[in-house]
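FYI, side chains are in, hydrogens and waters are out, and symmetry mates aren't considered; it's all heavy atoms of this structure. Just so you know, these numbers come straight off a predicted model, no measurement behind them. Whatever order the structure lists ligands and atoms in, that order sets their numbers, starting from 1.
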Amino acid sequence: MALIVHKYGGTSMGSTERIANVAKRVAKWARAGHQMVVVPSAMSGETNRLLGLAKELAPARQDASYLRELDMLASTGEQVSVGLLAIALQAEGVPAVSYAGWQVPIKTSNAYTKARIDSIDDRKVRADLAAGKVVIITGFQGVDAGGNVTTLGRGGSDTSAVAVAAALKADECLIYTDVDGVYTTDPRVVPEARRLQTVSFEEMLEMASLGSKVLQIRSVEFAGKYKVPMRVLSSFTPWDIDINEEAKSGTLITFEEDEQMEQAVVSGIAFNRDEAKISVLGVPDTPGIAFQILGAVADANIEVDVIIQNLSKDGKTDFSFTVHRNDYARAMDLLKEKVLPALGAAEVVGDTRICKVSIVGIGMRSHVGVASKMFRVLAEEGINIQMISTSEIKTSVVIDEKYMELAVRALHRAFGLDQASA
Ligand code: ADP
Ligand code: ASP
Ligand code: MG
């Protein structure tokens, strides 16, 4: 008997019929003798619908009093899911009980809309499991020290599930979703993408942070920190498939490099359309300019990603960086109103039609020429590179958004990731 956490995403919970299927699958695992904790997301489209309602009433703001209410609102989607799933399990004849985050409680910081989990009290859950119940806990939400409901950021149910698994020292955390594992790139963009049997924790961390939305990055961080065995698999297989076969399906996230079965130099390609580029032109090239520009941006709580500073000419330089598109307007206003006059820079220009494409692989540590091959492939496609950023196991480029799919496909092929070349 093992203690297993299942997470079901929005599509998997998308209708009462699908919820009934989830219940049948969970019941199968419970009947096989496992202690089961289930963390579902809101039904597909529900979080967007709820946030849309807020927009109908008032334009979005950044202050805590507004963000608090957004969390109060958005967290209800998951509450519907846990109640329905508990009802469906009981209808299967399986004792089940559901909890909202605050009831467990899952304690978080008070950073509304992007709270971090601080601690999870496992006592209630353990008592229910000992009493033979399936425990169903809302994904995505928690409670801060002041008793306010918080949410963990979009896609946050993955993180809830892994954090619950870590707190309970679960034997495995199974992330059920609408694809049957982690692919070499998003299979919806590149049909030739291949499912990986295993992916190293470090690669998964890079892929998640570079835009592969299959797992929220914080869930991968949690899995790494607490060594939670974690697998991504499909919720669309028939619920009654053999449990041992199911337990081995999908993609396993591994922590040891030698567990890695596939030794490709590049394991995956990630892309991200959520960023915008800002350039401050004609900046005096003196010590402290990066701090003056980026310090002001950081003080406004805006995260910066890729940064480049050009060679100076006649004592002036250009300074470019990317921010999340949601922060773009705010960053531009701030720079125009405050930073530009103080710096004596000539101009600030922005571009929202960019995307970031990245190649990821632990094999890049031991192979040279991988980045230059990436640049060659893009050049052959006539794609201009606007910015470059590298780390030990990834190379990212910022390019015009309209070439995104072309770039991803060309790189996927060139690095031998297509089905045919596998
Ligand atoms: P859920 O609602 O189950 O959390 P998500 O939509 O958050 O599902 O994540 C699954 C989606 O992630 C897939 O439908 C797929 O389009 C996308 N995705 C992006 N990159 C990858 C990748 N490398 N491998 C698999 N899926 C990916
Ligand atoms: N329902 C939340 C969202 O749509 C959390 C999740 O699905 O993981 O972002
Ligand atoms: Mg998700």
Region of [X] engaging ligand 1 - heavy atom pairs below 4.0 Å:
X: Arg188; value: side chain
X: Ala270; value: neither
X: Ile175; value: neither
X: Val179; value: side chain
X: Lys7; value: side chain

Measuring from non-hydrogen atoms of Gly155 to any atom of ligand 2, is the shortest distance under 4.0 Å?
yes
Is there a heavy atom in Gly156 that sits closer than 4.0 Å to ligand 2?
yes
Which is closest to atom 4 (O) of ligand 2 by heavy-atom distance: Arg154, Met13, Glu46?
Arg154
Does Pro187 come within less than 4.0 angstrom of ligand 1, counting non-hydrogen atoms of the residue?
yes
Ser235 heavy atom under 4.0 Å from ligand 1
no
What's the shortest heavy-atom distance between [X] and [Y], and which atoms?
X: Glu246; Y: Leu233; answer: O-CD1, 3.6 Å
X: Ile354; Y: Glu275; answer: CG1-O, 3.5 Å
X: Arg218; Y: Ala115; answer: NH1-O, 3.1 Å

[atom] [closest protein heavy-atom partner, distance rounded to 0.1 Å]:
atom: atom 1 (P) of ligand 1; result: Thr177 OG1, 3.5 Å
atom: atom 27 (C) of ligand 1; result: Val214 CB, 3.6 Å
atom: atom 17 (C) of ligand 1; result: Asp186 OD2, 3.7 Å
atom: atom 23 (N) of ligand 1; result: Tyr183 O, 3.0 Å
atom: atom 6 (C) of ligand 2; result: Ser157 OG, 3.4 Å
atom: atom 25 (C) of ligand 1; result: Gly181 O, 3.4 Å
atom: atom 2 (O) of ligand 1; result: Gly10 N, 3.2 Å

Quick check on contacts: which atoms of ligand 1 are under 4.0 angstrom from a heavy atom of [X]?
X: Val182; answer: 24 (N)
X: Asp178; answer: 10 (C), 11 (C), 13 (C), 14 (O)
X: Met207; answer: 23 (N)

Arg413 and Glu380: CA distance, side-chain angles, deciding distance, salt bridge (Lys or Arg N to Asp or Glu O under 4.0 Å) verdict:
CA-CA 13 Å; Arg413 206 176 320 113; Glu380 280 165 5; over 6 Å; no
Give a yes-or-no answer on whether the side chains of [X] and [Y] include a donor-acceptor pair shorter than 3.5 Å.
X: Ser200; Y: Glu203; value: yes
X: Arg18; Y: Ser235; value: no
X: Thr150; Y: Thr108; value: yes

If we ignore hydrogens and angles and just use 3.5 Å, is the side chain of Thr138 paired with the main-chain N or O of Gly101 as donor and acceptor?
yes
Taking Arg231 for the side chain and Thr251 for the main chain, is one N or O donor matched with an acceptor at less than 3.5 Å?
no
Between Glu78 and ligand 2, which residue portion shows a heavy-atom distance shorter than 4.0 Å: side chain, backbone, both, or neither?
side chain
Note: Ser41, heavy atoms under 4.0 Å from ligand 2, region reported as side chain
Using distance only, find each side-chain donor-acceptor pair of residues 79-90 under 3.5 Å and give its atom names and separation, not counting sequence neighbours.
unit_1, atom_1, unit_2, atom_2, d
Ser81, OG, Ser41, O, 2.7
Gln90, NE2, Ala96, O, 2.9

So does Phe236 have more than 12 non-hydrogen atoms from other groups sitting under 6.0 Å from CZ?
yes
Please check if atom CH2 in Trp102 has more than 12 non-hydrogen atoms from other residues, nucleotides or ligands closer than 6.0 Å.
no
List the steps and the verdict of salt bridge (Lys or Arg N to Asp or Glu O under 4.0 Å) for Glu303 and Lys114.
CA-CA 13 Å; Glu303 265 181 61; Lys114 49 180 174 212; 5.9 Å; no
Within-cutoff protein neighbour (heavy atom, under 4.0 Å) for atom 6 (O) of ligand 1
no
Side chains of Phe415 and Val265: closer than 4.5 Å at any heavy-atom pair?
no
Within the structure, does Lys7 bring an N/O atom to less than 3.5 angstrom of an N/O atom in ligand 2?
no
